[in-house]
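These notes concern the structure reproduced below.
Just so it is clear: chains get the letters A, B, ... in the order the sequence lines come, proteins before strands, and each one is counted from 1. Values below: all heavy atoms of this structure, side chains included; hydrogens, waters and symmetry mates excluded.
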Amino acid sequence: MMRTLRRILIIVAVIVVVFPYSWVVISSIKSQAALSDPSRLIFRPTLVNWEAVIDGGILGSAATSIVVGVVTVVIALLAGTLAAYSISKWRTGGDQTRFTVLLSEMMPPAVLVIPLFYLALNAGVRDTLAAVIPAHLTFVVPVVTWFMIGFFDAVPDELEEQARVDGYGRVQAFFKVVLPQVYPGLGAAAIFAFILSWNDLFYALILAGGNTRTLPVAIASFNTFRGVELGTMSAAILISVVPVVIASFFVQRRLIQGLSGGGVKG
Amino acid sequence: MAGLRLEQLTKRYGSKDVVASIDLDIEEGQFTVLVGPSGCGKTTSLRMIAGLVEPTSGRIIIGDRDVTDLEPKDRDIAMVFQNYALYPHLSVRDNISFGLRARKKDKAEIAERVAYAADLLNVEELLDRKPGELSGGQQQRVAIGRAIVREPSVFLFDEPLSNLDAKLRVEMRTELLRLQRALGTTVVYVTHDQEEAMALADELVVMNAGTIQQRGGPQEIYDHPANTFVATFIGSPAMNLVDGSVDDGTYSGGGLRLADVDAVAGPVTLGVRPEHIHPVGDLTDEEATEPFTALVDVIEPLGATAVLSLRIDDRTLRAVVDSRWLTGLAEETTSEFVFDRSRLRFFPR
């Protein structure tokens, strides 16, 4: 009985997840005429939407998103890893710090965007990546920190102490012994951080919605005054979603460990 | 190799002295065991010697160097932790050679020393494996090997056998002793297991509540415990303690009355080890005290000996007797016993 119920639940869950993807895939290969009737399942597939979206410069936006993502990830890993180590091993700021790290995630982006906009304006970097990257760091660094705290908690203190007895100072012991233990977590955190940055529309739209458009901004622009260009938008969405799905698949186990790990102690 | 000296060493957390001004002088090449219950300050003392915990006050001297303010790496010590602390990402070979590589030793010398340690500890065939593929005993050997190759002045061991099963623990204990005798290095070893402490120590340091209760040879401490804490902590089953008083050379208390005892008058605690309680007839009249009657509550046969729980009034004494006496004893019956007069201890109260 329970087994049947579980199966039904899994089938429902799969449908809920797979259905929207299938819809988008089908829409991306439908002609404009076929799209006007969503219920039409028999149609002649076409690549016009894909040609249009690629000719429309979507790959340039994807490249912009990659640059923003990579720079954000590098900075976030550097800052977040060191912060996580400090919070996990040194109890920096007391036992509650690990939870307050996540408080910033609860702040609506709308609260931060105006100060960030003014800062970018005054610094003369509005509509450049230099405005978007710091904005992404505001939500990526806390997540990476939270993520890595759990991984550092799992490293026995004795390993570092042993390295210090064996001949290394604190900094060397960290790099030689502690850091290698969290490499898998670091990899998963990097992918997760990249996805967060890759998916952001809000900051990218407001701080750099003009010439330097990231992928989500470019996708949003298919909603034009003439209406939503469903076909091209679907093709663009697929370009945006596929890397995320693939990455999530490979890091799913570490992802769960990282997301729950920071809450174990405290 | 070098000796080790602790002078007025103190560690205070808040208002609590975890280690309270201890002085200890450990001779070169000596195997010293710090033993005591959890929270007695033994591990904190060891970690202060290692440089992993900063003392609140006091000095640590290794050889003729004051190392109190030195980093662990500069103290010329090696340490084996309770959980072995092997680097999981490195092979056994790299684990053993880690400290030598950190000190930028010559490659040929590293290879030679690793081979020597691997041979000494019988881990040659494990050198290319990762720690995760080893059993507890093998991990322990690797951890010891990693300490040996460094050829430090002092070895520090923090309960290194407590994660092993009972049989392996005894085997490793013997092996540790053999190794220490062969290398002649000064060892400071921490354990809460008094049997392990007795077996290993040249000198035993019994600690409680951050202070040293007694130090000396294991047998000396066993035979002449300085106070009731040491008396009950060292030895298993523990020494029996009976409160009473001595008046005019006669002890009375707990249903016992013993004439001609060697103790000063006043309130005292009588201490008698379980193996110094004998059935009447086991000792000569000169050796024995006057007999007393006790109810044999429980008999636990252990093969060569048996542990008896004896009831006198509402007090229980534990006795260890030769099993040949078991034929004359039965549970829930009374019998007569004597103490070995020369082995009675009296602690002033």
Side-chain angles (χ1 to χ4, degrees), chain A residues 77 81-82 84-97 147-190 251 253-254 257-258 261 264-266, chain B residues 43 46-54 67 70-91 94-105 110 130-132 139 142-160 163:
Chain A
L77 282 190
T81 303
L82 294 176
Y85 171 76
S86 165
I87 292 166
S88 167
K89 297 297 178 195
W90 292 76
R91 294 272 177 269
T92 303
D95 283 338
Q96 294 309 313
T97 323
F147 203 95
M148 292 310 296
I149 287 173
F151 284 95
F152 280 119
D153 280 348
V155 179
D157 294 345
E158 287 87 351
L159 276 191
E160 187 182 347
E161 291 174 346
Q162 181 71 56
R164 291 178 59 205
V165 170
D166 273 348
Y168 286 116
R170 278 183 192 280
V171 177
Q172 286 170 306
F174 172 77
F175 284 107
K176 293 273 183 189
V177 169
V178 181
L179 205 55
Q181 312 311 319
V182 299
Y183 279 159
L186 214 55
V251 297
R253 200 164 60 89
R254 299 284 180 196
Q257 191 184 346
V264 176
K265 286 189 185 175
Chain B
T43 296
L46 191 79
R47 292 170 63 80
M48 282 195 280
I49 297 170
L52 299 170
V53 168
E54 197 182 334
V67 301
L70 295 185
E71 281 283 307
K73 67 186 172 74
D74 299 322
R75 296 189 177 206
D76 196 19
I77 47 149
M79 187 156 175
V80 176
F81 288 88
Q82 182 172 356
N83 63 3
Y84 320 131
L86 297 179
Y87 308 119
H89 60 301
L90 300 179
S91 67
D94 288 344
N95 260 283
I96 295 180
S97 62
F98 188 87
L100 299 175
R101 287 183 286 127
R103 289 178 158 75
K104 309 230 181 307
K105 296 280 183 198
I110 292 176
K130 289 277 173 67
Q139 290 189 27
V142 175
I144 294 171
R146 183 172 56 183
I148 286 174
V149 289
R150 292 256 322 278
E151 297 178 3
S153 297
V154 181
F155 282 131
L156 306 175
F157 289 94
D158 186 10
E159 310 226 15
N163 284 0

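Only the backbone of B:L86 has a heavy atom closer than 4.5 Å to any heavy atom of chain A. The parts of A:A163 that come within reach of chain B are both its backbone and its side chain, each placing non-hydrogen atoms under 4.5 angstrom from that chain. For chain B, the nearby part of A:Q181 is the side chain; its heavy atoms alone come within less than 4.5 Å. For B:R75, no part lies under 4.5 angstrom from a heavy atom of chain A.
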_Pair A:R164, B:E71 - check side-chain contact (heavy atoms from CB on, under 4.5 Å), show working._
CA-CA 8 Å; A:R164 291 178 59 205; B:E71 281 283 307; 3.9 Å; yes
*Verdict with reasoning, A:E158 to B:Y84, per side-chain contact (heavy atoms from CB on, under 4.5 Å)*: CA-CA 8 Å; A:E158 287 87 351; B:Y84 320 131; over 6 Å; no
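The two residues A:P180 and B:H89 come nearest to each other via the heavy atoms CB-CD2, 3.5 Å. Closest of all the heavy-atom pairs between A:V165 and B:I77 is CG1-O, 3.7 Å. Closest non-hydrogen pair, B:F98 versus A:K176, comes out as CZ-CB, 4.4 Å. Shown here for B:K73 and A:Y168, the closest heavy-atom pair between the two residues is CD-C, 3.5 Å.
Using a cutoff of 4.0 Å between basic side-chain nitrogens and carboxylate oxygens, B:R47 and A:E161 are scored as salt-bridged. Taking the charged nitrogens against the carboxylate oxygens, A:D166 and B:R150 do have a contact shorter than 4.0 Å, which makes a salt bridge.
Per-residue heavy-atom pair counts under 4.5 Å with chain A were compared for B:Q82, B:R101, B:R103, and the maximum is reached by B:R103.
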